Visitor: 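Provided herewith is a single structure, encoded as structure tokens, for subsequent inquiry.
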Amino acid sequence: MCGIWALFGSDECLSVQCTSAMKIAHRGPDAFRFENVNGFTNCCFGFHRLAIVDQLYGMQPLRIKKFPFLWLCYNGEIYNHHTLGEKFNFDYQTKVDGEVLLHLYDRFGIQKMASLLDGVFAFVLLDTANRKVYLGRDTYGVRPLFKFLTDNGFLAVCSEAKGLTNLTHAMDTPANIIPFLPGHFEVFDLKQDGKVRSIKMEQFHCCTKEPVHAIYDTVERLPTSFEEERVKRTIRTLFDNAVRKRLMANRRIGCLLSGGLDSSLVAATLVKLAKEEEVEYPIQTFSIGSEDSPDIIAARKVADHIGSEHYEVNFTAEEGIQAVEDVIFHLETYDITTVRASVGMYLVSKYIKEKSDSVVIFSGEGSDELTQGYIYFHKAPSPKVAAEDSVRLMKELYLFDVLRADRTTAAHGLELRVPFLDHRFTAYYLSLPEEMRVPKNGVEKHLLRDSFKGLNLIPDEILWRRKEAFSDGMMSEKKSWYTCLQDHLESMVNDDQMEKACKTFPHNPPRTKESYYFRQVFEKHYPGRAKWLPHYWMPRWINATDPSARTLCIYKPDKDQ
């Protein structure tokens with residue numbers, strides 16, 4: 001997990017522009033480099049490093065003797081770099097997983113290079129010999145990337161939008177800063193003055209298709225039969241494989257544990273595989289909540305069951321409220337459910353950074369979107385419509401849950417790993433018959449739960465625990481975190497402001513005082529950038545006025561809460 005920043009064809013002195021690169025310093029606390037590109041006076045790279053793999057030679061932009069004309073700045077992990085190196089007989093100069101991009105590009109070109117990467121990544125690749133610049137981002141946008149392109153061809157890219165907002169340029173028309181689309185790559189022609197022209201934007205992977213790199217994976221071809229026991233066995237095999245490949249690290253591995261199904265499956269599988277791989281330290285797990293919160297109690301049961309070194313972070317509503325502004329600054333969004341859920345994740349990440357030596361953090365993101373885990377899926381009109389909405393949610397992860405997970409951990413220099421978003425695991429799950437994936441017997445994620453039944457991997461009561469939104473489960477059933485937040489913000493926004501909300505904020509106008517306050521804070525840090533969020537995250541097929549599951553008529557808490 002790092003911070004990347006690059007300029008091509010800057011209209012302003014580079015030493016002035018480079019101060020913007022320091023806005024993402026939190027992403028890479030171990031080292032920083034700023035480097036001009038020889039022969040292109042207005043081009044440079046900035047890089048903030050979090051050293052996870054190859055502590056010695058992992059600095060960027062990455063350049064190797066074999067390809068002196070290639071410059072690479074990337075943020076991510078490529079889990080199959082060893083496999084590809086052996087398969088294609090690549091002669092690696094470093095132990096950096098990203099070096100494989102240079103070899104793949106030289107051998108096969110950009111399209112096949114991107115398709116063969118099993119991992120999470122955002123990259124800027126410069127080929128000075130052919131005068132090309134390439135940008136690319138992984139299938140779900142687990143690693144962030146923003147771009148800014150002026151009418152006269154000044155291109156700037158950064159891991160977070162905040163590294164681009166203060167750049168100066170010569171054009172009268174403002175340059176839009178936009179998130180780079182996940183699963184795509186873009187090709188630019190590079191002129192001698194460093195300016196660029198976009199010549200191609202192409203999708204290299206869609207979540208419903210088996211990835212090209214599957215043919216080189218350790219798990220061989222998948223069964224074509226949808227017989228239930230075989231399907232459940234395949235789900236377990238692919239999930240194990242997803243966790244195992246993510247053990248690649250020279251820094252300590254830990255895991256977020258909310259006590260819900262998803263994080264519990266990740267933590268339990270992680271502890272099991274770490275023992276098999278003879279990882280030399282116990283896996284640390286971290287949960288956050290107030291004293292009587294359902295999440296804290298459930299996480300404690302799981303940690304006892306799996307034998308992790310467990311830490312509980314106690315937080316009060318006051319601490320959460322105090323963190324809201326910092327959270328919105330790091331998130332670069334004002335989406336209601338994202339902000340609410342981010343506060344707990346931000347505070348637990350802060351604790352991990354200050355009080356532990358875990359740096360690589362596993363988490364359960366992506367499961368709800370993939371396995372129809374949100375409570376509103378009980379109201380889906382048909383399995384077909386439910387399956388379509390699941391794919392929509394997967395494609396929008398980079399705007400919501402994946403954005404939250406990246407920014408709250410990156411704010412504290414941690415690296416996030418999300419096994420549920422493994423390319424093969426997601427492609428297989430989405431290929432299953434629509435009827436198999438819907439809630440069953442009144443229980444969401446029934447197929448996933450059933451796949452792990454009878455294994456004693458996690459306690460049965462957790463395996464069948466009802467869905468509880470992270471931002472809700474952190475506090476007791478009597479008083480949700482979001483109601484504490486709303487009560488506090490009631491006095492921060494007046495009725496007159498609410499009446500004019502549609503005029504003040506015509507794009508995504510806020511409907512509640514809580515939402516209005518989030519928007520105010522966002523506008524303070526990112527004025528006029530509201531369109532970074534195309535729409536709010538909201539439940540479907542239900543007349544919902546709030547994203548919290550606890551406000552829905554179909555919400556039924558577990559009896560012991």
Side-chain angles (χ1 to χ4, degrees), residues 2-24 32-48 59-75 98 101-102 105-106 109-111 113-114 122-137 145-181 184-202 529:
C2 302
I4 62 175
W5 184 88
L7 304 185
F8 299 94
S10 173
D11 294 326
E12 170 71 83
C13 169
L14 291 179
S15 58
V16 173
Q17 303 277 44
C18 79
T19 55
S20 287
M22 301 318 291
K23 288 191 174 183
I24 59 160
F32 171 66
R33 179 187 282 173
F34 186 72
E35 192 168 347
N36 291 354
V37 180
N38 319 341
F40 294 90
T41 46
N42 303 315
C43 302
C44 61
F45 287 93
F47 180 69
H48 295 274
M59 217 29 207
Q60 295 183 36
L62 183 63
R63 302 178 69 201
I64 59 174
K65 288 174 186 163
K66 190 170 183 186
F67 312 119
F69 50 92
L70 295 182
W71 300 59
L72 174 68
C73 239
Y74 86 105
N75 164 210
L101 274 77
L102 302 175
Y105 168 74
D106 180 69
I110 191 70
Q111 212 283 339
M113 178 200 98
F123 67 79
V124 186
L125 177 63
L126 167 64
D127 178 345
T128 55
N130 294 296
R131 291 212 185 160
K132 292 282 186 287
V133 176
Y134 303 93
L135 306 182
R137 190 176 181 191
L145 189 67
F146 286 82
K147 74 168 185 180
F148 152 117
L149 182 62
T150 65
D151 290 347
N152 70 343
F154 168 27
L155 171 70
V157 289
C158 189
S159 295
E160 298 180 17
K162 57 180 69 67
L164 303 175
T165 50
N166 288 349
L167 292 176
T168 52
H169 58 92
M171 305 303 291
D172 294 332
T173 49
N176 278 338
I177 297 168
I178 57 169
F180 192 83
L181 271 181
H184 286 69
F185 67 85
E186 188 168 10
V187 186
F188 298 87
D189 270 336
L190 178 68
K191 298 171 192 165
Q192 193 58 57
D193 62 358
K195 296 279 196 271
V196 302
R197 181 174 64 91
S198 177
I199 52 174
K200 183 157 101 175
M201 176 91 165
E202 197 171 296
R529 310 283 185 179

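Values in this document were obtained by computation on a predicted structure and should not be read as measured data.
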Visitor: Judged by atom type as modelled, is there a donor-acceptor pair below 3.5 Å linking the side chain of Arg137 to the main-chain atoms of Leu181?
Guide: no

Visitor: Can a donor-acceptor pair be found, under 3.5 Å and without considering hydrogens, that links the side chain of Gln17 to the backbone of Asp11?
Guide: no

Visitor: Heavy atoms, side chains only, cut-off 4.5 Å: are Cys158 and Leu164 in contact?
Guide: yes

Visitor: For Cys2 versus Ser159, what's the shortest heavy-atom pair and its separation?
Guide: O-OG, 3.9 Å

Visitor: With a 4.5 Å cut-off on side-chain heavy atoms, are Ile64 and Leu102 touching?
Guide: yes

Visitor: Could you measure the distance from the CE atom of Met201 to the CZ atom of Phe180? Nearest 0.5 Å is fine.
Guide: 4.0 Å

Visitor: Ring centres of Phe34 and Phe47 under 6.0 Å apart?
Guide: no

Visitor: Should Met113 and Leu101 be marked as a side chain to side chain contact (heavy atoms under 4.5 Å, CB included) after you check the CA-CA gap, both sets of side-chain angles, and the distance that decides it?
Guide: CA-CA 7 Å; Met113 178 200 98; Leu101 274 77; 3.8 Å; yes

Visitor: State plainly whether the residues Lys132 and Asp189 are in salt-bridge range, i.e. N to O under 4.0 Å.
Guide: yes

Visitor: Is a side-chain donor or acceptor of Tyr74 paired with a backbone partner of Gly98 at a separation under 3.5 angstrom?
Guide: yes

Visitor: Measure the shortest side-chain to side-chain distance between Ile4 and Leu145 over non-hydrogen atoms and say whether it is less than 4.5 angstrom.
Guide: yes

Visitor: If you round to the nearest 0.5 Å, how far is OG of Ser20 from CG of Leu167?
Guide: 4.5 Å

Visitor: So with a 6.0 Å cut-off around CZ of Arg197, is the heavy-atom count from everything else above 12?
Guide: no

Visitor: List the steps and the verdict of side chain to side chain contact (heavy atoms under 4.5 Å, CB included) for Phe45 and Val124.
Guide: CA-CA 9 Å; Phe45 287 93; Val124 186; 3.9 Å; yes

Visitor: Would you call the rings of Phe67 and Phe69 parallel, tilted or perpendicular, where under 30° means parallel and over 60° means perpendicular?
Guide: perpendicular

Visitor: Determine, stepwise, if the pair Ser198 / Glu186 fulfils side chain to side chain contact (heavy atoms under 4.5 Å, CB included).
Guide: CA-CA 7 Å; Ser198 177; Glu186 188 168 10; 2.6 Å; yes

Visitor: Taking the side chain from Asn42 and the backbone from Asp193, do they hold a donor-acceptor pair closer than 3.5 Å?
Guide: yes

Visitor: Once rounded to the nearest 0.5 Å, what's the spacing between atom CZ of Phe185 and atom CZ of Phe123?
Guide: 8.0 Å

Visitor: How many angstroms lie between atom SG of Cys18 and atom CD of Glu12, to the nearest 0.5 angstrom?
Guide: 11.0 Å

Visitor: Compute the ring centroids of His169 and Phe154, then answer whether they are less than 6.0 Å apart.
Guide: no

Visitor: Tell me, with the steps shown, if Lys195 and Phe8 meet side chain to side chain contact (heavy atoms under 4.5 Å, CB included).
Guide: CA-CA 6 Å; Lys195 296 279 196 271; Phe8 299 94; over 6 Å; no

Visitor: State, yes or no, whether a side-chain contact exists between Leu70 and Tyr105 at a heavy-atom distance under 4.5 Å.
Guide: yes

Visitor: Would you check if the side chain of Thr165 reaches a backbone N or O of Lys162 as a donor-acceptor pair within less than 3.5 Å?
Guide: yes

Visitor: With the side chain counted from C-beta on, respond yes when His48 and Arg33 share a heavy-atom pair under 4.5 Å apart, and no when they do not.
Guide: no

Visitor: Which atom pair, heavy atoms only, marks the closest approach of Cys43 to Gly9?
Guide: SG-N, 3.8 Å

Visitor: Would you mind reporting whether Val37 and Leu126 have side-chain heavy atoms less than 4.5 Å apart?
Guide: yes

Visitor: Are the side chains of Phe188 and Leu135 in contact, using a 4.5 Å heavy-atom criterion?
Guide: yes

Visitor: Please report the shortest heavy-atom distance between Leu72 and Gln60, naming the atom on each side.
Guide: O-OE1, 3.7 Å

Visitor: Kindly compute the distance separating CD1 (Ile178) from CZ (Phe148), expressed to the nearest 0.5 Å.
Guide: 12.0 Å

Visitor: Could you measure the distance from the CG atom of Asp151 to the CG atom of Asp172? Nearest 0.5 Å is fine.
Guide: 10.0 Å

Visitor: Are any non-hydrogen side-chain atoms of Trp5 and Val157 less than 4.5 angstrom apart?
Guide: no

